Each structure stands twice: as structure tokens, then as C-alpha cells.
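The block underneath contains the structure these notes are about, expressed in C-alpha cells.
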Amino acid sequence: MKKRTGMFCLLLVVLLVGVAAAQAQPTPITAIKAGRLIDPETGTAATNQVILIEGEKIKAVGPNLAIPAGATVFDLSKLTVLPGLVDAHTHMAITYKEQPENNYYYLTYIMESTPLRAIQAASNGIQLLNSGFTVVRDVGNNALYADAALRQAIEQGWLPGPTVIPSGPMIGSTGGQFWPTPEMYKDHNIMFPEYIDANSPDEIVRAIRENMLFGAKTIKLCIDCKPWGYSVEDIKLAISEAAKGGCKVEGHVQTADGAQRSIDAGIHMIAHGNALTPEHHRQMAEKGIFLAGTDMPFTPYRGNEQAFKRTVANLRDAWEKKVPLTFSTDLDYWNERMKNEKTGEWLTRGDLTIAFLETWKVAGIPQADILRAMTINGYKAADIIKERGPIKPGFYADLIAVTGDPLTDIDALRNVQFVMKNGMVFKKDGVMTPEKFFHPGPVRTPSGRWTR
Ligand SMILES: [Zn+2]
């Protein structure tokens, strides 16, 4: 017995020494010398700024800050530093193709498993981070919660990637976006997990609770994917139920009626700008409803001129009416033509995403407003603005740097030289340097399941 007590005491001493050693470890300090530092909120830039980062958060920002001895210093004095970018509507865990599925994404669901699609999402996340996207709203068509798994894997520290705001499966009334045969619908339940059928108030509540239970941080509704879509009352119910789990509601909208019902219910965000009229834009501006226009450019690999003209006109009108605009892509496809025309090299998921700038440029949106849509409005739409995004003390250290000045030439964003995520350097001198992100432990649960 005595021997045991002695062993216990020794163990206790070892543990206490271990704890003391862990506590004595100072949090690493990083200093960034920024030649120019953009504040997208005001559309202005300050020169020769120092950003001090302690661990994963920003500690101080200013022109003459003393850099503590022992700090790791990154000299970006020849670059423009700005907050990370946001794609406010995309789909990282689905890639439908011309071969073998002829762009029919029903086939993708059948042929590609959730694990395979989760790995695609992880790769897409890395490609997006490489292009400066530090936040991604990933809203549906992600098989069995591949989006929520990717968010958790990045938070736990398994791999680098943007902060993912996952929706889980899209919730819709009978059929979702599918038109299946009776056999496929009734005998094979082809709807799930790509869509959750929720027809009555009880089913809507249940579907939202399930998505939140499995990791959704936003709720995506198919407002009018079918003529029997959701009523104003249905949408209001969804908004109040989602709020209980800290989620906001985005509506997929493809008809004028669906848009009006979403606006009347006071939805957080409307996806896809095609069905919206100038009157809808006026009401959205009045109510502060975010628009994820998914404004596809006309390129050699996607789109047509007529559709592009309509997209440009809609985006322009939304901007004129002062709708809170976000930068959004709806990317979920790949084809053989997705190559750089000059070099012949494949375009990455990040390149394909940033290419949507073309629509904003043709619409004549001022550079500062494009940048605001890609940052501040994106953080607000993702509901993370209080802790992540702005380069200010107390916020997570997510930032990027580019050559040139995006406030006078938005295309400078196509050439991201430096990326920091949660205080860790992911890209330096234009090259990915992600080794710090890969480790077998500690496995982090940074903010618990129910907080952001
Ligand atoms: Zn979409």
C-alpha cells in the first residue's frame, strides 16, 4: 500500500512538472511588416504597418509597433496585405463532369461515395486557400455531411483549409432538385443524402434539427425547386428553428414568386440572382437580405454570351439598388477546357473561383465595392464577422498579401503571394508551404461543437 502511495506521489510530481513546463512555453509571436494594409470596410489603405500575432490571433496593428525579441518576422513590405477572401456560395464536395456523367449530377451521387467526395472537398479547400479564400460557405450537395466533416477536420488540425460554413443536405419539399422515377424515389430513397424531403411544419423542424445535430452552421432551403415549394409561413418557421442552433437561413431561389416569399419571410440570404427583379432588389436592400448571385462569367469552359449579359445586368442593378452583395460561384463541375489559355496549364479550383471577378468587372462595380463583397459582406453573410475576417486585435489571424493594389486593380487578387490562416503561414513567396498544418496531434477542439 505504502509502495503504491509512493508511486502515486512520483506520478503526481511528474504530471505537475509536465503541466508547469507546458505553461512556461510562451505563445509564439509573429510579426508581419505590411507595405500597404487594406481596410475593405472603408476602402482605404495604410502604409508601413506592423501586425503582431500571438498564437492564432491578432494582438496589435499599427505603424510603429515594437517587434518583440524572438518574434518570427515576415517582411511583406513590398506587398499589399488584406483580409482573406470569402466564396459565399459553393459546393466543394461535388464535381460533376462531362465524362462519364454528361454533367448529370444524379450520376455523380450514384458513382462517388461520401468518403471520396470528402477527399475532393479537402483538395478543393486547399486549392481555395492557395488563392486567398479563408472562408467558404458550402451549401448543400455534399453527400452525407462531407462539408461538416471537412469543417471539423480543419478545426481539429488535420489539414489546411478555409473556415467552412457547412449547411448539410439541402432541405426541400418532395423531390428537392431531383425528378426521380417512382422506383428510385420510393424503393431506393435516391433523395437522401443529397436532399432532405420536408413537407410539413414538423418535418421542416426535424430536418433542421438533424442538420444542426450533424454539424450544419447554416441552413439551406430549396424555396421553389418544385411548384409546391415553401410558403412564407414555412420559411418563417425554418428561420426561427435554425436560430435556436445559431444558424441563419439561405434560400435557393429560381422563380420571382419564390424570391418574393423569401423576402416577405425575412430570410438571411438569397442564392442565385437570375429570377430577381429590380423590385426584389429594392426590397432586399431595404431589409438587408444578402445576395449570393452566383454570377458566372462567360469563359471558354463555361457559359454563353446571352446568359452572361443577363447576369451582368442583374448584378449591376442589385449593386445600384444597394443590395448587400457577396462574391459567390456555385462551382460544382469540371471539364477538359478548364485550362489557362496562355500556358495551357489546368486551372485550379482557386483560379476558377477568382475568375468570377470578370462578371463584376463587366458590370462596372467599383473595385472597393467588389473587395467589400469578397470580404466584409462575406464575413457578415457567413455570420463570423465578430471573430474572423477583419485585421484587428482579438480576431483570428487570417490574411493574405498580393503584388499590386486591388483597390485600383481588382485583378491583383489573382496573384496571391502570401496566405496566413489562424496565425500559421500556408503560402509564402507565391509557393504553398503548408508543412506546419500537418501533424498527428494534438487534435484540437478549438471552440467546441456549438460555438464558432
Ligand atoms: Zn448552389
Side-chain angles (χ1 to χ4, degrees), residues 86-97 101 103-106 108-109 112 117 120-121 124-125 128 133 135-143 145-148 150-151 162 164-173 175-179 191 193-196 211 216-226 229-230 235 238 247-255 258-259 262 267-276 289-297 302-303 307 311 314-315 318 325-335 349 352-353 355-356 359 373-374 377-378 381-382:
V86 185
D87 185 340
H89 181 124
T90 193
H91 305 278
M92 291 194 285
I94 182 167
T95 313
Y96 59 85
K97 307 165 283 296
E101 62 257 57
N103 287 331
Y104 274 105
Y105 63 129
Y106 291 32
T108 317
Y109 302 141
E112 299 192 352
R117 289 171 61 183
Q120 290 178 19
N124 282 331
L128 280 161
F133 289 87
V135 179
V136 168
R137 293 183 73 262
D138 197 330
V139 283
N141 299 121
N142 283 311
Y145 300 93
D147 51 344
L150 178 58
R151 177 194 168 95
V164 181
I165 311 296
S167 72
M170 225 187 285
I171 298 168
S173 49
Q177 290 184 286
F178 279 177
W179 292 93
M191 304 307 301
E194 297 306 330
Y195 303 94
I196 301 179
N211 273 357
K217 298 290 175 193
T218 185
I219 295 298
K220 174 92 177 290
L221 290 186
C222 251
I223 300 294
D224 53 5
C225 297
K226 294 287 180 288
Y230 290 133
I235 303 167
C247 290
K248 301 258 177 24
V249 176
E250 171 179 353
H252 165 103
V253 163
Q254 59 193 50
T255 65
S262 302
I267 207 162
H268 176 64
M269 187 168 196
I270 288 180
H272 316 304
N274 287 347
L276 301 177
I289 297 172
F290 289 96
L291 173 62
T294 60
D295 315 283
M296 191 172 69
R302 191 79 175 176
T311 302
N314 286 353
L315 180 61
L325 301 178
T326 65
F327 184 83
S328 59
T329 61
D330 209 19
L331 267 176
D332 52 8
Y333 46 85
W334 182 85
N335 64 52
R349 182 64 182 257
L352 295 164
T353 297
F356 278 62
T359 314
M374 299 180 88
N377 288 0

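All values derive from a computational prediction rather than experimental measurement. As the structure lists them, so they are numbered: ligands from 1, and atoms in each ligand from 1. Start at 1 with the first residue, then count along the sequence.
The Zn ion (ligand 1) lies at 2.8 Å or more from every N, O or S atom belonging to H272. The Zn ion (ligand 1) has H89 among its coordinating residues (N/O/S atom, backbone or side chain, under 2.8 Å).
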| request: For the pair E112 and Q120, evaluate side-chain contact (heavy atoms from CB on, under 4.5 Å) and give the outcome as yes or no after the intermediate values. | output: CA-CA 10 Å; E112 299 192 352; Q120 290 178 19; 2.8 Å; yes
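Using modelled atom types and a 3.5 Å distance limit, the side chains of D330 and H91 yield a donor-acceptor pair. Using modelled atom types, one finds a donor on one side chain and an acceptor on the other under 3.5 Å when comparing N141 with Y195.
When the Zn ion (ligand 1) is compared with the N/O/S atoms of D330, atom OD1 turns out nearest.
Classification of the F178-Y105 ring pair by plane angle, with boundaries at 30° and 60°, yields perpendicular.
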